[in-house]
Amino acid sequence: MWTEADRDNCFRRVTGLVAHLPQTESGRWHSHFKVSVAGKRFASVLVDHHGDGRLALTCKAAPGEQQALVEADPARYFVPAYDGAHGWVGALLDPETDPDWDEISALLVQGWREAAPVTLVRTLDASS
């Protein structure tokens, strides 16, 4: 089970992981947390979404990524309600599942790339 401190820690960690991505905005969204680029949401930290008990990241994913992650590690990854039908992937963030924050970072960067305008992707690539 997770606590409010775990939730707040996840909000801070996700904010830190996307801070280097151009035109990224993050903040509370109802009881959850959303991350967007150029006005398009590409990730959310969902807190007990519709009473599911989860503390989880949902993230826009590259084609095929959702299925690959869920099949490879169903204890950590899942198909989220609503956005899952559009290829998004869910990742559990509670301490009991011991999230791999390097993988979470990679998911966030890929989600950003999927949502960002091509000019911003070029800006990021040029700065790397």
Steps toward side chain to side chain contact (heavy atoms under 4.5 Å, CB included) verdict (V89, F78) | CA-CA 6 Å; V89 66; F78 63 96; over 6 Å; no
Quick check: do [X] and [Y] have side-chain heavy atoms less than 4.5 Å from each other?
X: T97; Y: D94; value: yes
X: L92; Y: R54; value: yes
X: V37; Y: L120; value: yes
X: S44; Y: H32; value: no
X: R13; Y: V18; value: no
X: S26; Y: V14; value: no
X: T24; Y: V35; value: yes
X: D6; Y: L55; value: yes

Hey, quick one: are L17 and L46 part of the same hydrophobic cluster, counting side-chain heavy atoms closer than 4.5 Å, chains of contacts allowed?
->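 No, no single cluster joins them.
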Cluster link L57 to M1, ILVMFWY, side chain under 4.5 Å =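 They do share one cluster, since a chain of ILVMFWY contacts under 4.5 Å joins L57 to M1.
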Nearest 0.5 Å please: distance from the [atom1] atom of [X] over to the [atom2] atom of [Y].
X: T58; Y: D83; atom1: OG1; atom2: CG; answer: 5.5 Å
X: K40; Y: E25; atom1: NZ; atom2: CD; answer: 14.0 Å
X: L124; Y: L21; atom1: CG; atom2: CG; answer: 6.0 Å
X: K34; Y: F11; atom1: NZ; atom2: CZ; answer: 13.0 Å

Donor-acceptor under 3.5 Å ([X] side chain, [Y] main chain):
X: D52; Y: H49; value: yes
X: S36; Y: G39; value: no
X: Q66; Y: G84; value: yes
X: T123; Y: T119; value: yes
X: W112; Y: L107; value: no

Picking from L93, V70, D98, L69, what satisfies side chain to side chain contact (heavy atoms under 4.5 Å, CB included) with R76?
->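 Answer to the side chain to side chain contact (heavy atoms under 4.5 Å, CB included) test with R76 among L93, V70, D98, L69: D98.
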Nearest heavy-atom pair of G111 and C59: which atoms, and what distance?
->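 Heavy-atom minimum between the residues: CA-SG, 4.0 Å.
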Of the non-hydrogen atoms in F42 and A115, which two are nearest, and what is the gap between them?
->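 Taking F42 first and A115 second, the nearest heavy atoms are CB-CB, 3.7 Å.
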Does the pair R113/D125 count as a salt bridge with the N-to-O cut at 4.0 Å?
->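 Yes, this pair counts.
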Examine the side chains of Q67 and Y77 and answer whether a donor and an acceptor come within less than 3.5 Å of each other.
->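 No, no side-chain donor-acceptor contact under 3.5 Å.
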Are S105 and D102 close enough, and set up right, to give a side-chain hydrogen bond (donor to acceptor under 3.5 Å, both in side chains), and what steps lead you there?
-> CA-CA 5 Å; S105 178; D102 289 335; over 6 Å; no
Could R12 and F33 be counted as a cation-pi pair, given that NZ or CZ must be under 6.0 Å from the ring centre and within 45° of the axis?
->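 Output no; distance or angle outside limits.
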Aromatic W2 / basic R7 pairing, under 6.0 angstrom, 45° off normal =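 Geometry flag: not set, cation outside 6.0 Å or 45°.
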